[in-house]
Amino acid sequence: MSGHSAPIPMISTARGPLRGTAHVPGDKSISHRALILGALAVGHTRITGLLEGEDVLDTGRAMRAFGAEVVRDDDGTWHVHGVGVGGFAEPAQVVDCGNSGTGVRLIMGAMATSPITATFTGDASLNSRPMARVTDPLALFGARAVGRAGGRLPMTIIGAADPVPVRYAVPVPSAQVKSAILLAGLNAPGETVVIEAEATRDHTERMLAGFGAEIVTRPTDEGHEIALTGRPELRPQTIAVPRDPSSAAFPVCAALIVPGSDVLVPGIGLNATRAGLFDTLREMGADLTFETMRDEGGEPVADLRARFSPDLKGVEVPPERAASMIDEYPVLSVVAAFAEGPTAMRGVGELRVKESDRIAAMADGLRAAGVEVEDGPDWWVVHGRGAGGVPGGAQAASRLDHRIAMSLLVLGLASRAPMRVDDGAPIATSFPVFEPLMTGLGACIRRAEG
Ligand code: S3P
């Protein structure tokens, strides 16, 4: 519930190299899904490595509101006692999903095919984001949604008492929309099919299969389709959440642009639907290696090693890669500022409807720091100034967006003058230990006075 906390102004400054090992927290996408599927299974699911960021904690509270028991051991293991598919109770209060689009959209899907009503809200960022992309397909199951103008939260979903299965081609590349439909399909009889033109993160599909649902992905002329057989009995699981590649991106990118750096980031999930940033960085000439590739709990995992890379070159990021690195464009734009020549990012209109308009937020921050940026509705180009070439010395706004706050702070670590960010409080939604982890590597990131 980050929007409710007082702003925390922060400053980052160039100092010596970044060195050491960075243990980033658990994957946010997988953590949400573990809690929700645990709540929909019959019995006791155990989760280790759960991200204890505000977004995920809000989803845990929501699962309690729908009737599941969710408890944390002192050792950090989470236990979910699920109520079974179709077993959700009606929440007694408004469900507050804080800053989390993933949380609210997945939970709306999960409850939409049960005969219950729930009202959802969030912080100022979440309450400005579009929800019709989820409520349109949920209406096909028989659910009704009543929200504010433009399909915004607060919004009430009246679940379908007699749901029918759905076949739906997702119009925007979105794992949240795909997942909401699949979770709704769990309590519809027969087969629910989602058609995706572009592959988005597939954690929901993998985890549903792990919980015992019948789910298959088939190639089609339009991309591929995912077919789920409704009304399974989900079997509780033991889930080890891999560390988040989207969080790993911050120490990795910082190491590439801060002279003399050498950072190891162990145990990072490298699911191909999430790993686009690392391909792009290597194309730019980054000294980035994957060590000890392995499989952990059904997800590919590796140790990443990033070293200072003085000869980065601007690249054209292939638009078809966008879904696999959608959350990483803000921090990529920071690396691009320290590369030689332009980096063009096209086919990324979705960035405008994230926790903030991420193209506008980063373009403003980079321009304030002395970097030339061009942008249009679904594209932007960052004109790199080469290693050590970014002036910095500016204040920028994080716009209630954790990834903007962290990206701007990484920018300040390699700029000639410090960067100041108006509010670092949103960082707690996804990466609560960002500040101590980065300072532990030698970075100068601190809370500013007032
Ligand atoms: C997520 C999907 C993506 C991503 C978000 C997490 C998920 O959103 O930006 O941070 O866990 O499914 P979209 O589905 O809107 O692209």
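Because the structure is a prediction, the values reported are computed rather than measured. Whatever order the structure lists ligands and atoms in, that order sets their numbers, starting from 1. Starting from 1, each residue takes its place in the sequence as its number.
- Ligand 1 has no N or O atom lying under 3.5 Å from any N or O atom of Glu355, backbone or side chain.
- Screening residues 131-145 for side-chain hydrogen bond (donor to acceptor under 3.5 Å, both in side chains), with sequence neighbours left out, gives Arg133-Glu350.
- If you check which protein heavy atom lies closest to atom 6 (C) of ligand 1, you get Thr102 OG1, 3.2 Å.
- Using a 4.0 Å cutoff on heavy atoms, Lys178 does not count as a contact of ligand 1.
- Of the residues Asp202, Asp327, Asp244, the one that meets the side chain to side chain donor-acceptor pair (under 3.5 Å) test with Arg274 is Asp244.
- In terms of N/O distances under 3.5 Å, ligand 1 is approached by Arg33.
- Nearest protein heavy-atom neighbour of atom 8 (O) of ligand 1: Lys354 NZ, 3.0 Å.
- Taking only non-hydrogen atoms, the option from Val134, Thr200, Asp327 nearest to atom 9 (O) of ligand 1 is Asp327.
- Heavy-atom contacts of Ile326 reach the following atoms of ligand 1: 9 (O) (cutoff under 4.0 Å).
- With a 4.5 Å cut-off on side-chain heavy atoms, Val348 and Asp378 do not count as touching.
- Enclosure of atom CG in Asp75 by more than 12 non-hydrogen atoms of other residues, nucleotides or ligands within 6.0 angstrom is indicated.
- Evaluated for a salt bridge (Lys or Arg N to Asp or Glu O under 4.0 Å) with Arg321, the options Glu283, Glu198, Glu328, Glu316 yield exactly one hit, Glu283.
- At a heavy-atom cutoff of 4.0 Å, ligand 1 is contacted by the side chain of Arg201 but not by its backbone.
- Between Leu208 and Leu186, some side-chain heavy-atom pair lies under the 4.5 Å cut-off.
- Looking at heavy atoms from C-beta onward, Leu281 lies in side-chain contact with Leu332 at the 4.5 angstrom threshold.
- Within the set Ser31, Ser174, Ser430, the minimum heavy-atom distance to atom 14 (O) of ligand 1 is found for Ser174.
- Of the protein's heavy atoms, Ser29 OG, 2.7 Å lies nearest to atom 11 (O) of ligand 1.
- Considering backbone and side-chain atoms alike, Ala175 places an N or O below 3.5 Å from some N or O of ligand 1.
- Considering both main-chain and side-chain atoms, Arg403 never comes within under 3.5 Å of ligand 1 through any nitrogen or oxygen pair.
- Within the 4.5 Å cutoff, the side chain of Thr45 has no heavy atoms near those of the His79 side chain.
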